[in-house]
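This report refers to the structure that appears directly beneath it.
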Amino acid sequence: MNSVITSSWVLALAPEISLLVLLIIVLIYDRLIKPEERRQIGLVSAWGATVILLLTLGLWLFGNEPNVQASLRDSLIWGGMLRHDLITLVFRVMFLVALIVTSLISMDVEKLQRGEYFALLITATVGFSLMASASDLIMLYIGLETASISSYVLAGFLTKDMRSPEAGMKYFVYGAFATGVMLYGLSLLYGITTQTNLYVIGSILTGAQAIPVEANAVLLLSAAMIVVGFGFKIAAVPFHFWTPDVYEGSPTPFTAFVSTASKAAGFAVFIRVFTAGALGTPNPSREWWAMLVAMCIVTMTLGNLAAIYQKNIKRLLAYSSIAQAGYAMIGLVTFTPDGSGAAMFYLLMYVFTNIAAFGVIILVSNITGSEDLDDFRGLSRRSPYLAMIMLVALLSLGGIPPTAGFLGKFYLFRAAVNAGLWGLALIGILNAFVALYYYLSIVKYMYLYRSEEEHISIPVSRAAQVGLAFSTFFVLLLGVYSGPAFEWTLNAANAFYALIG
Amino acid sequence: MPEVTIDWYVALSVILFSIGALGVLLRRNAIILFMSIEMMLNAANLAFVAFARHLGDLDGQVLVFFVITVAAAEVAVGLVLIVTIFRTKKSINIDEIHLMKG
């Protein structure tokens with residue numbers, strides 16, 4: 001780890017720095033415009049995020065940042081605090097896409113047309129981005145808390161509403177508890193190794209000299225405690241209790257954001273800690289491996305079974321998102337480059353899919369004022385395009401071709417089978433069947449049921465049109481032509497594993 | 001007088017952590033809940049500082065500064081949420097915060 005600041009370090013951090021600049025622009029813009037033009041704040045945020053996304057991709061394509069060939073030593077930047085590799089880039093793209101589309105679909109929700117709301121979305125994105133690139137216990141914790149604290153406020157943002165502060169409070173209590181437990185796990189890890197850099201810890205624990213037996217027990221305890229923080233972020237069973245309530249009570253655009261970006265950030269932490277070997281060589285003989293597999297199976301099954309009984313569409317998608325986290329975990333617990341690549345591809349397509357679904361929910365509930373499944377009666381006659389977008393999103397969540405969800409699941413299950421985890425793949429496939437039942441029951445409400453209001457179409461603003469069209473386009477594109485995107489995530493995983501050894 | 005070794009500090013931090021965790025799980029008053037969460041964070045801080053001193057490494061002590069700062073920010077947000085809820089509910093008992101079934 002060098003300690004001289006180079007231009008490459010600054011370029012590596014350029015997206016986060018630009019996000020902070022955007023944050024200040026949004027806050028100043030909010031003070032300058034007339035109250036009736038408030039809607040424009042979302043547009044500024046979306047445009048800014050788009051520019052940053054292009055900048056990030058441009059630096060990669062033309063500036064060779066991140067450098068895929070860099071050694072582990074060179075990819076650790078800022079004194080070993082951050083690691084700049086392809087995985088950082090993949091996750092950054094996910095977060096920025098989530099920020100862009102969330103800003104667009106937030107614009108028409110009147111209570112959210114405030115500078116603070118978009119500013120907090122941006123700080124949360126910075127937090128996620130730092131989590132995904134963290135390579136030090138300090139950075140991991142700070143990134144996690146930057147994201148979490150912004151999220152608590154966003155969940156409770158609608159102070160006049162009865163349910164939103166309650167959602168914020170529940171999110172806060174569960175979140176603070178989980179990160180507290182995780183922090184204690186990190187302190188034990190530090191106590192065993194005297195190091196705070198995850199890769200140095202990894203090289204000590206995976207090294208030749210055996211660590212004492214009693215340290216092994218402490219290591220297991222530390223792993224269990226870190227799993228609490230990670231499980232909370234991705235909403236895995238048994239750390240999922242906050243999910244339905246927070247998803248239901250929070251402002252819907254934020255629900256879309258937290259169900260995609262926050263979950264992806266949780267998985268990034270998994271890769272940075274468990275896959276990197278910071279808790280010992282990741283392989284099926286580890287004691288904590290069995291714990292993760294059990295968590296994966298229970299998460300899939302319980303999420304799907306609970307979703308069947310939901311009547312509120314946000315709660316339904318909350319349980320569905322718990323189940324989806326279970327699927328993505330299948331890829332990660334294989335601890336092969338294939339599996340991790342597949343999981344990252346799955347998360348990428350999940351960002352597009354879930355935000356499209358929530359976008360439709362926002363537009364419908366803006367008119368009906370509630371989020372019951374009954375509001376979706378006759379949607380295909382009311383607004384055929386909205387119904388079609390919802391259909392595509394639901395098919396993708398259920399894993400039906402020609403949507404991205406099918407390929408995402410296919411790659412995951414293939415990686416599991418190749419790694420010899422037949423049972424896990426089989427449980428995943430069975431779960432996908434169960435999930436189809438409730439996804440298709442929403443389709444039934446939209447296409448088969450009639451309602452008295454079906455002659456009143458639902459107004460869709462230009463911003464929402466762009467946001468929804470953008471995500472639906474990618475859901476379909478990744479479904480029929482996934483090659484380059486999958487290769488990209490696979491390369492990221494391969495490069496990561498090659499340096500871990 | 002026995003010498004105070006690293007074990008004592010770690011034992012104390014485990015005790016503090018357990019009290020904090022049990023407090024979060026058992027107490028129903030939101031303010032006490034927050035205090036318990038703070039206690040968990042400080043137990044981790046104590047462990048970090050003790051390890052850092054014992055191992056002769058400064059990183060752990062630096063980390064604690066960050067944790068203290070973050071904890072202050074976190075509690076500020078938590079108190080804001082309590083005040084917001086208190087305005088509508090006139091109560092901070094978290095058993096009465098159950099508009100949504102969870």
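Residue numbering restarts at 1 for every chain, and letters A, B, ... go by the order of the sequence lines.
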Legend entry - Option that, when pairs with chain A are counted at under 4.5 Å, heavy atom only, ranks first among B/Thr88, B/Val80, B/Thr84: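 Maximum pair count with chain A is reached by B/Thr84.
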Legend entry - Positions in residues 152-159 of chain A that reach chain B, provided some heavy atom is under 4.5 Å away: A/Tyr152, A/Val153, A/Gly156, A/Thr159
Tell me, side chain or backbone of [X] under 4.5 Å from chain A's heavy atoms, or both, or neither?
{"X": "B/Val67", "result": "both"}
{"X": "B/Ala52", "result": "both"}
{"X": "B/Val49", "result": "neither"}
{"X": "B/Ala21", "result": "both"}
{"X": "B/Val70", "result": "both"}
{"X": "B/Leu41", "result": "both"}
{"X": "B/Leu63", "result": "both"}

Legend entry - Contacting moiety of A/Met225, where chain B heavy atoms sit under 4.5 Å: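 Only the side chain of A/Met225 comes within 4.5 Å of chain B.
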Legend entry - Heavy-atom contacts under 4.5 Å, residues 55-62 of chain B to chain A: B/Leu55, B/Asp57, B/Asp59, B/Gly60, B/Val62
Legend entry - Contacts of residues 5-13 of chain B with chain A (heavy atom under 4.5 Å): B/Val10, B/Ser13
Legend entry - B/Arg28 atom CZ: more than 12 heavy-atom contacts under 6.0 Å: yes
Inset, instruction - Take atom CZ of B/Arg27 as the centre, draw a 6.0 Å sphere, and report whether it contains more than 12 heavy atoms from other residues, nucleotides or ligands. - result: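 It does not: B/Arg27 CZ has 12 such atoms or fewer within range.
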Inset, instruction - Name the option with the most non-hydrogen atom pairs under 4.5 Å to chain B; the candidates are A/Ile142, A/Thr179, A/Leu183. - result: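 Most pairs with chain B among the choices: A/Leu183.
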Inset, instruction - Heavy atoms only, distances under 4.5 angstrom: which of A/Ile138, A/Leu188, A/Asp136 has the most pairs with chain B? Name it, please. - result: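 Top count of heavy-atom pairs under 4.5 Å with chain B: A/Ile138.
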Between [X] and [Y], which heavy-atom pair has the shortest distance, and what is it?
{"X": "A/Val173", "Y": "B/Phe34", "result": "CG2-CE1, 4.4 Å"}
{"X": "B/Leu81", "Y": "A/Pro165", "result": "CD2-O, 4.3 Å"}
{"X": "A/Tyr184", "Y": "B/Ala44", "result": "CD1-CA, 3.6 Å"}

Inset, instruction - Any pair with a residue in residues 47-74 of chain B that passes ring-ring contact (aromatic ring centres under 6.0 Å, His included), sequence neighbours left out, goes on the list, sorted by first then second residue, please. - result: A/Tyr190-B/Phe48
Inset, instruction - Report the distance from atom CE of B/Met40 to atom CZ of A/Phe177, rounding to the nearest 0.5 Å. - result: 4.5 Å
